Every structure is written in C-alpha cells, then in structure tokens.
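Step one of this worksheet: look at the structure below.
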Amino acid sequence: MLTVENLSISFRTDEGLITPVQEVSFSVEKGKTLGLVGESGSGKSISTKALMRLLPGNSALSPETRIRYTAKDGREIRIDEIKPGARALRKLRGGEIGMIFQEPMASFSPVYTVGNQMIETIRLHRGVGKREARDQAIEMLDKVGISNAPERIDQYPHELSGGMRQRAMIALALSAGPALLIADEPTTALDVTIQAQVLELMRDLQRDLGMAMIFITHDLGVIAQIADEVAVMYLGTIVERGPTRDVIRSPRHPYTQGLLKAIPSVDKLHDRLSPVPGDIPSPTERPSGCPFHTRCSEAVTGLCDRTVPDEISPAPARGVRCWLHTEEGRSAA
Ligand code: SF4
C-alpha cells in the first residue's frame with residue numbers, strides 16, 4: 001500500500017544544509033502496522049511528515065526519493081511528485097492518510113466544538129449532508145469509546161479530559177475514512193492505564209476498519225503490543241528492521257539491544273535499568289562511519305568510526321546495519 005524508497009530530507013539552515021533523514025526505505029502493507037522506533041531526534045516524525053508533504057518550506061526531498069501510495073480506488077500516487085498546495089494533497093490528507101499526534105490540541109481548533117470539526121471533515125471527504133455527517137460523527141465517537149456521544153459531540157475540546165480528547169482526536173482522524181493512519185506518539189502523554197486503553201482501542205479499530213498504520217514511538221514496549229513489523233531509527237537512518245516478535249526476541253543491533261535494556265520489567269524489579277549511554281548527536285554534527293559509534297560499547301576502532309555499514313540480512317525478513325554481522329567486522333573486532 002505504501003512504499004518509501006531512499007527517502008532523504010535536507011533543510012537549509014543558518015548553519016548550512018543538514019540532512020536529518022538519509023536513504024530511509026520501508027513499506028507498509030494493507031491492514032498491517034509498522035512501528036517506527038527511536039529516541040527524539042532519530043528522524044521518525046520528519047520521515048512520516050514527508051508522507052503527508054507536511055515539511056516546512058526550507059526542506060527538500062532528494063531526487064532519489066520515491067514515495068508510492070496505492071489509493072483506495074487502486075490508483076498509484078507518487079506522493080514525492082505532488083506540488084505543494086495541489087488539489088491532490090487535500091484529498092490525500094485525511095481521506096487517504098490520516099494523522100494523530102501526541103497532543104490532541106494539534107488536531108483540534110479550540111474555538112470549534114468537536115462535532116463541528118468532525119462534521120466538516122466528514123462532509124469534505126465523504127460528500128454527505130450535514131445531518132448524515134452528524135450521525136456518522138456520533139457513531140465514530142461512540143466507536144472510540146466516548147460515552148454519551150450525542151451530547152459530547154457539542155462540547156469544545158478543552159471540556160474533555162485528556163484521555164477523552166485523545167479518543168476524540170482518533171475519531172476525528174478516522175472520520176474521513178483513511179486507509180492509512182500515521183500515529184505519532186499518540187499515547188506518550190497519557191498515564192499507563194489510559195495508554196493501555198488507547199492502544200487496545202487502536203488495535204481494535206485497525207482490525208475492524210482494515211486500516212494500515214504507522215505507529216511512531218520511542219518505546220519498544222509499546223511497539224511490542226501494537227506493531228507487526230518494526231524499523232529502529234537512529235540519527236536519520238534505519239539501523240534494524242524485521243517482524244516485531246523476531247526483533248524483540250533477538251535484537252541484532254547494539255542500539256536496539258540498548259533500547260530493550262531500558263524497558264522496565266516486573267520480573268526484574270531489583271535490576272538497574274541500563275539506558276543507552278550518552279545522547280543522540282545533532283544532525284549538524286553527524287559522526288563519520290556508523291552513526292552510533294560514539295555511543296556503542298562494541299565499536300571497532302578503525303572500522304566503525306570510518307565507514308558506514310551497509311544493511312545486510314542476517315535472517316529472513318530481517319535487516320541490520322552493523323559491522324559485527326559481516327565477515328569484515330568480525331575479523332577486525
Ligand atoms: Fe556499534 Fe560498529 Fe555496529 Fe555501529 S557498526 S553499531 S559502532 S559495532
């Protein structure tokens with residue numbers, strides 16, 4: 001349904017040209033969930049904003065970038081070729097690809113009721129009258145678990161609790177009937193109980209509606225609950241990918257291993273968590289060689305700090321960018 005090839009994004013800044021996303025490729029199948037995981041600054045959100053052409057004016061995609069999307073009517077759309085402001089973009093956003101954010105107020109206008117905003121979206125994308133649109137909006141609010149939907153529909157976003165607002169935002173994104181939903185850290189700001197409820201809701205909705213989903217998070221524990229496939233990003237590149245269960249059971253990249261060690265577990269309450277040491281470098285100070293070598297305890301001097309490893313496949317459907325999985329890396333270690 002969606003294939004992204006060689007996605008590179010550059011920004012013109014006062015400090016010169018920076019490229020926070022470099023040669024990223026991934027695909028999402030109909031009805032499946034791809035998890036994009038990594039720390040802040042790994043390039044996950046910027047990559048998915050490119051799919052909606054929501055990047056700022058000082059940015060550019062590389063000429064090698066190809067973003068192919070198969071629309072609901074079966075047409076293939078080259079998203080990377082759509083011009084800013086084109087009519088096709090309006091149809092794509094919402095009607096084909098929906099997006100939800102960590103902060104619901106990024107989706108809602110505070111000066112209109114939840115219902116007004118949903119009804120407008122439904123009328124725009126589904127071409128129905130006001131009354132029918134209102135009925136559909138109530139149905140959707142009900143579906144996402146908002147009690148008393150016929151009354152809540154006329155409330156303003158600030159009148160809802162945090163968890164309710166998050167549900168209402170999901171309802172707003174789904175009201176246009178997208179075939180692909182991009183969820184950018186939608187549960188990060190919620191407490192754990194509400195987080196579990198929202199994750200379960202999203203899983204159920206995805207199954208009922210047959211949607212594909214890209215789920216962005218810094219938390220591999222959340223990915224384990226929701227994603228079929230996972231791509232681990234570090235400093236604008238995918239360093240490991242594969243079926244979620246396989247990656248979590250046998251992570252191959254030292255960064256993925258570090259992210260997993262940082263997840264608290266009830267079985268190991270007395271063990272200290274060992275987060276990945278250090279901070280992710282700025283894209284303006286991108287290290288030479290493997291981008292992770294400045295934080296990697298297994299880095300091979302003279303190799304990892306000089307040459308970028310290619311992606312290799314250590315097992316079926318798996319991909320990893322690390323010298324330790326090559327003959328060259330093993331003999332140099
Ligand atoms: Fe660590 Fe080297 Fe592998 Fe990079 S290539 S993750 S520095 S061992």
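Numbers here simply count residues along the sequence, with the first being 1. Ligands are counted one by one from 1 in listed order, and the atoms in each one are counted from 1 as well. Quantities reported herein were computed from a predicted structural model and do not represent experimental measurements.
- Cys296 SG, 2.4 Å is the protein heavy atom nearest to atom 1 (Fe) of ligand 1.
- Ligand 1 places these atoms under 4.0 Å from at least one heavy atom of Glu298: 8 (S).
- Counting only heavy atoms of the protein, atom 5 (S) of ligand 1 lies nearest to Trp323 N, 3.2 Å.
- Between Leu160 and Arg152, the closest side-chain pair of non-hydrogen atoms falls below 4.5 Å.
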Derivation and outcome, side chain to side chain contact (heavy atoms under 4.5 Å, CB included), residues Met140 and Ile122: CA-CA 11 Å; Met140 190 54 81; Ile122 291 170; 5.9 Å; no
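- Residue contact check: Ala299 has heavy atoms under 4.0 Å from atoms 7 (S) of ligand 1.
- The residue Arg321 has no part lying near ligand 1, judged by heavy-atom distances below 4.0 Å.
- The ligand atoms of ligand 1 that sit less than 4.0 angstrom from a heavy atom of His253 are 6 (S).
- Electrostatic pairing of Glu29 and Lys32 does not count as a salt bridge here, judged by no charged N lying under 4.0 Å from a carboxylate O.
- Using a cut-off of 4.0 Å between Lys/Arg side-chain N and Asp/Glu carboxylate O, Glu120 and Arg123 are scored as not salt-bridged.
- Around the CZ atom of Arg330, the shell of radius 6.0 Å holds more than 12 heavy atoms that belong to other residues, nucleotides or ligands.
- A 4.5 Å side-chain heavy-atom check between Arg286 and Gln22 finds at least one atom pair inside the cut-off.
- Applying side-chain hydrogen bond (donor to acceptor under 3.5 Å, both in side chains) to Tyr234 and the options Glu240, His253, Arg295 leaves one that passes, Arg295.
- Residue nearest to atom 8 (S) of ligand 1, selected from Thr326, Val320, Leu324, Asp305: Leu324 (by heavy-atom distance).
- Among the atoms of Cys322, an N, O or S atom falls under 2.8 Å from atom 3 (Fe) of ligand 1.
- Distance from atom 2 (Fe) of ligand 1 to its nearest protein heavy atom, with residue and atom name: Cys304 SG, 2.3 Å.
- At a cut-off of 2.8 Å, Cys290 does not coordinate atom 2 (Fe) of ligand 1 through any N, O or S atom.
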